[in-house]
Protein chains: 2
Amino acid sequence: MPTAPSLAPPAPPALNPDQARALLKALADPIRLQVIEALGGGERCVCELTVALGLAQSKLSFHLKVLKEAGLLADRQCGRWVYYQLQPEALEQLRGWLAQLAASCTAPAEPCC
Amino acid sequence: MPTAPSLAPPAPPALNPDQARALLKALADPIRLQVIEALGGGERCVCELTVALGLAQSKLSFHLKVLKEAGLLADRQCGRWVYYQLQPEALEQLRGWLAQLAASCTAPAEPCC
DNA sequence: ACTGTCCATCAAGGAAAGTTGATGGGTTTT
DNA sequence: AAAACCCATCAACTTTCCTTGATGGACAGT
């Protein structure tokens, strides 16, 4: 048995600090949250998103790039269109990272005076 | 029975979008994460944190304020010192918010071509 | 009172992120 | 091959965030 196959069920690969920061920063923007919510119902192409959110194409493209680089979105070209879809695993990974952070806070609360 | 008393056990009050954004933004900074980790072991005063993290007093004070305003920290004055401590509920609330966001993404995945 | 320590706040400068309009590459349609 | 459409990228600008050094308030000790 070379490398014991893990039996953990979903077990997200655990985030490194930079990935976590990128995710947090990507989510900390109203426009990008709107994009995520708009993609909640399924895949959409850029031109659909521009009209749905009332954004300039250039502006939307910028935010899509941020979200994609953070790992929250995946894109797929289809002819002349580019479709974006959510990567819900990313949200789950961030949740795991937060849980781990909270777990490291064993604060015993030591009042001094 | 005027307002039925909820039976939910811990039930964090649920975050509004602005609170969630403040939390995300506050966590998306390396220095502030160091502060949080430093406070993981319990309450600390500002002067302890400055030496522990090697930060200028003014700089640390700025980041402490951001974290406090986001709800991640609470402070307490004791004589000449000011002690900061973590508010782990804030992390839990953010986790809940993320779960809710993920739940709203029912992406049916509709390939077109 | 005077001095020293701890801390928050401020103004000014620098760095990073977001916005805008324009340009060009790639694809389909005519 | 020309025209129309979808989209990413770029440079210039604006805005937001962070850093730095200085100032002052609150408290404790002398």
Short N/O separations, protein against nucleotides 11-19 of chain D, under 3.5 angstrom:
| from | atom 1 | to | atom 2 | distance (Å) |
| --- | --- | --- | --- | --- |
| D/dC17 | OP1 | B/Lys25 | NZ | 3.1 |
| D/dC18 | OP1 | B/Arg32 | NH1 | 3.3 |
| D/dC18 | OP1 | B/Arg32 | NH2 | 2.9 |
| D/dT19 | OP2 | B/His63 | NE2 | 2.4 |

Identify all pairs in which a protein N or O lies below 3.5 Å from an N or O of nucleotides 27-30 of chain C, and state each distance.
none

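In the interface, the side chain of A/Ser61 is not paired with the base of D/dT9 through any donor and acceptor atom under 3.5 Å apart. Counting distance only, with no hydrogens placed and no angle test, the side-chain atoms of A/Ser58 and the base atoms of C/dT19 include no donor-acceptor pair under 3.5 Å.
Here D/dC7 presents its C1' atom at 15 Å from CZ of A/Arg76, a figure rounded to the nearest Å.
Looking at heavy atoms from C-beta onward, A/Val35 lies in side-chain contact with A/Leu60 at the 4.5 angstrom threshold. Residues A/Gln87 and A/Leu73 are not in side-chain contact: their nearest non-hydrogen atoms beyond the backbone lie 4.5 Å or more apart. Residues B/Phe62 and B/Leu67 are not in side-chain contact: their nearest non-hydrogen atoms beyond the backbone lie 4.5 Å or more apart. Contact check for B/Tyr84 versus B/Leu39: side-chain heavy atoms found under the 4.5 Å cut-off.
Checking A/Leu94, A/Leu91, A/Leu64 one by one against A/Leu72, the side chain to side chain contact (heavy atoms under 4.5 Å, CB included) holds for a single residue, A/Leu91.
Each of C/dA8, C/dG21, C/dT9 was ranked by its minimum atom distance to the side chain of B/Gln57; first place goes to C/dA8.
Listed pair B/Tyr83 / C/dC6 fails the phosphate criterion, with no side-chain N or O lying under 4.0 Å from OP1 or OP2.
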Step-by-step side chain to side chain contact (heavy atoms under 4.5 Å, CB included) determination, A/Glu43 to A/Arg76 = CA-CA 10 Å; A/Glu43 206 175 41; A/Arg76 170 176 79 87; 2.9 Å; yes
Would A/Glu92 and A/Arg95 count as a side chain to side chain contact (heavy atoms under 4.5 Å, CB included) if you check the C-alpha gap in whole Å, the side-chain angles of each, and the deciding distance to 0.1 Å?
-> CA-CA 5 Å; A/Glu92 196 48 44; A/Arg95 251 171 70 78; 3.7 Å; yes
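Hydrophobic cluster membership is shared by B/Leu53 and A/Leu101, with clusters built from Ile, Leu, Val, Met, Phe, Trp and Tyr side chains linked at under 4.5 angstrom.
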